[in-house]
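Residue numbers start from 1 in every chain, and the chains themselves are labelled A, B, ... in the order their sequence lines are given, proteins ahead of strands. The structure presented is a predicted model; accordingly, all values stated were derived computationally and were not measured.
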2 protein chains.
Amino acid sequence: MRGTGADLQEKSLHERIRNDVERHIMSGEWPPGYRIPFEHEMTRQYACSRMTVNKALGELVQRGLIERRRRLGSFVRQPHAQSAVLEIHDIEREVQALGLVYRYRLDKRRLRPAGKDDGAAMALAADAPVLELTCTHFAGGVPFCLEERLINVTAVPEAEFADFSQIGPGTWLLKMVPWSAAEHRISAVSADRKNAAALGIGSGAACLVIDRRTWHGTDYITRVSVTYPGDRHALVAQFSPSQSS
Amino acid sequence: MRGTGADLQEKSLHERIRNDVERHIMSGEWPPGYRIPFEHEMTRQYACSRMTVNKALGELVQRGLIERRRRLGSFVRQPHAQSAVLEIHDIEREVQALGLVYRYRLDKRRLRPAGKDDGAAMALAADAPVLELTCTHFAGGVPFCLEERLINVTAVPEAEFADFSQIGPGTWLLKMVPWSAAEHRISAVSADRKNAAALGIGSGAACLVIDRRTWHGTDYITRVSVTYPGDRHALVAQFSPSQSS
DNA sequence: GAGTGGTCTAGACCACATG
DNA sequence: ATGTGGTCTAGACCACTCA
């Protein structure tokens, strides 16, 4: 009773188990909330050891298809619905991809304790040290975007000694720090007088603001707010209905 | 040599091994291309079984941090792109999730041949019939966003007879039509006089505009432009590192 | 108390790539 | 031939959570 679906590339047993469960979920046969068979049941079904089943199900947890709870069992998670994969470009490469000359300027650098608001937004102790950076990115000599960033120095101690006058903090962090989760917030605001002047646009002009927070496990790494002139920039995301393999 | 970063939550041994390797990579001590210690070496270092090391390194493969080759060893990969998973909300459910009463109004409905611009944007013949819809979504009695939509009637003939006075075209299409690819374009614009009046905001106020095109195979299905008041709306996207397996 | 998943062990055989 | 990772076993103990 092992072939409920089409043949996929299943070179190993745990892959076959994983694919079988995936097929049950994707076909709707096991809807969200459904309790999938216990490990010991699948152990009998596939005539294998528990470790093999455990590996297959652990991969499905990492993919977000199921969640597992001791004593209760393993359950199909709520839909991934439709999801978009939005590539986040390094600003330097983004500018260069437009065929423009990239330039970067560090406007402000300050090591300070996290304030009350920062602590709340990032789940930090109020006195944890953070590195505050403000910089301007230029494309072809024209201001391209403004970057305001906080880095959690406790999680990334190397940042305190990094030379951000030559390399942007975004580029630096991309190279140096792994991450496991992040959150984007994309909004539109009218430029205040200071930002309008810095970007060379009219006061009150629409700007696209991308606010990103990044974690590694439970540790907060960085928070960045990037402001683009609305008439010169757009985010583009490519979509697929659901993830596979 | 593992104290280069802050203490993370390491409740299990394979997590500690995984975090140690991650720290070596993120600190630059193990640059891209570097061969990390063999499994049997780490087995001795951590005084554990090979399965435990194997699990930790397998997770790093799934996260795209390392790649492994038989006989050769395991190597630090080049920095991987960040990708975001952006949930696409149905506007009706989006409003209801805010705890507000949803209301929908169809402002315009017109069947016409695709114009020159539409044909270019949607890869349609210039005389292919398209259904043009304009509608307003309300949340709690207040305008929530404006929707301008074109539907390719050739690809979705049922749309010609659908009653969009009761159900929004977005909701209808989500239920009726499968799709295989889509593209988002997110930008910020200043409201023109007409949109400002329709949304009840000041003329020139910043708005968030989401432009989406959807395909099924090679067929264009629909193109929609949704305009939100910038001060009342933001897109939020959850992220994970890109996987490769 | 009982049953689940989480983790770990100390082996084993195989596939693969190099010498 | 050698040494690596890929996979799997048949146990084991623990943590958690329900009854």
Side-chain angles (χ1 to χ4, degrees), chain A residues 2 7-22 24-25 30 32-78 180 217-218 245, chain B residues 2 7-22 24-25 30 32-77 243-245:
Chain A
R2 38 184 80 148
D7 291 275
L8 297 179
Q9 283 186 0
E10 293 163 352
K11 50 191 179 185
S12 63
L13 182 52
H14 75 265
E15 284 186 3
R16 211 185 78 205
I17 298 175
R18 194 189 65 208
N19 282 330
D20 282 352
V21 175
E22 268 182 343
H24 279 107
I25 293 175
W30 292 353
Y34 182 87
R35 186 187 63 70
I36 74 176
F38 296 125
E39 286 188 352
H40 65 83
E41 293 177 298
M42 307 186 74
T43 287
R44 285 200 302 271
Q45 179 184 350
Y46 290 94
C48 67
S49 80
R50 198 184 137 217
M51 277 296 287
T52 305
V53 173
N54 185 276
K55 176 163 188 169
L57 298 185
E59 289 165 349
L60 292 176
V61 169
Q62 279 198 311
R63 298 181 185 205
L65 273 172
I66 65 172
E67 63 186 342
R68 318 192 69 191
R69 281 199 248 156
R70 287 180 166 98
R71 166 79 200 195
L72 297 181
S74 306
F75 300 86
V76 178
R77 289 213 343 180
Q78 290 308 312
S180 59
T218 57
S245 144
Chain B
R2 54 181 72 131
D7 290 278
L8 300 176
Q9 282 186 2
E10 293 163 353
K11 50 190 179 186
S12 63
L13 181 52
H14 75 264
E15 283 186 3
R16 207 184 86 202
I17 299 174
R18 193 190 64 206
N19 281 329
D20 281 353
V21 174
E22 273 184 341
H24 279 107
I25 294 174
W30 293 352
Y34 181 88
R35 185 187 64 70
I36 75 176
F38 296 125
E39 285 188 353
H40 66 83
E41 294 177 298
M42 307 186 73
T43 287
R44 285 198 303 272
Q45 180 185 348
Y46 290 95
C48 67
S49 80
R50 199 186 136 216
M51 276 297 286
T52 305
V53 173
N54 185 276
K55 175 162 188 169
L57 298 185
E59 289 165 349
L60 292 176
V61 170
Q62 275 199 314
R63 297 183 185 202
L65 270 172
I66 65 172
E67 62 185 342
R68 319 192 69 190
R69 283 200 248 157
R70 286 179 166 101
R71 166 79 198 198
L72 298 179
S74 305
F75 301 86
V76 178
R77 288 209 349 179
Q243 299 184 13
S244 61
S245 76

Taking [atom1] from [X] and [atom2] from [N], how many angstroms apart are they, rounded to a whole number?
| X | N | atom1 | atom2 | result |
| --- | --- | --- | --- | --- |
| A/Glu15 | D/dG6 | CD | C1' | 10 Å |
| B/Glu59 | C/dG6 | CD | P | 12 Å |
| B/Arg68 | C/dA17 | CZ | P | 15 Å |
| B/Ile66 | D/dG6 | CD1 | C1' | 13 Å |
| B/Glu39 | C/dT9 | CD | P | 13 Å |
| A/Ile36 | C/dT4 | CD1 | P | 13 Å |
| A/Asn54 | D/dT7 | CG | C1' | 14 Å |
| B/Tyr46 | C/dT7 | OH | P | 17 Å |

- If you look at every heavy atom in A/Ile17 and A/Cys48, which pair is closest and at what distance?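 What the structure gives for the nearest pair is CD1-SG, 4.1 Å.
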Would you say a side-chain N or O of [X] is under 4.0 Å from OP1 or OP2 of [N]?
| X | N | result |
| --- | --- | --- |
| B/His40 | D/dG3 | no |
| B/Lys55 | C/dT7 | yes |
| B/Ser74 | D/dT4 | no |

- Task: Tell me which nucleotide among C/dT7, D/dC8, C/dG6 gets nearest to the side chain of B/His14.
- Result: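 Closest nucleotide to the B/His14 side chain: C/dT7.
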- Could you pull out all residues at least two apart from A/Phe38 that satisfy ring-ring contact (aromatic ring centres under 6.0 Å, His included)?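 A/Phe38: ring-ring contact (aromatic ring centres under 6.0 Å, His included) contacts with A/His40.
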- Task: Please step through side-chain contact (heavy atoms from CB on, under 4.5 Å) for the pair B/Tyr34 and B/His24, ending with a clear verdict.
- Result: CA-CA 11 Å; B/Tyr34 181 88; B/His24 279 107; over 6 Å; no
A side-chain contact here means heavy atoms from C-beta on lying under 4.5 Å apart; do [X] and [Y] qualify?
| X | Y | answer |
| --- | --- | --- |
| B/Met42 | B/Glu39 | no |
| B/Lys55 | B/Leu13 | no |
| B/Ile25 | B/Leu60 | no |

- Note on the structure: Going 5' to 3' through nucleotides 10-19 of chain D and flagging B where a protein heavy-atom sits under 4.0 Å of the base, S where only the sugar-phosphate is that close, and - otherwise, we get B-B--BBBB-
- Message: Surrounding CZ of A/Arg69 (heavy atoms of other residues, nucleotides or ligands, distance under 6.0 Å), is the total greater than 12?
- Response: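 For A/Arg69, atom CZ is not crowded (no more than 12 foreign heavy atoms under 6.0 Å).
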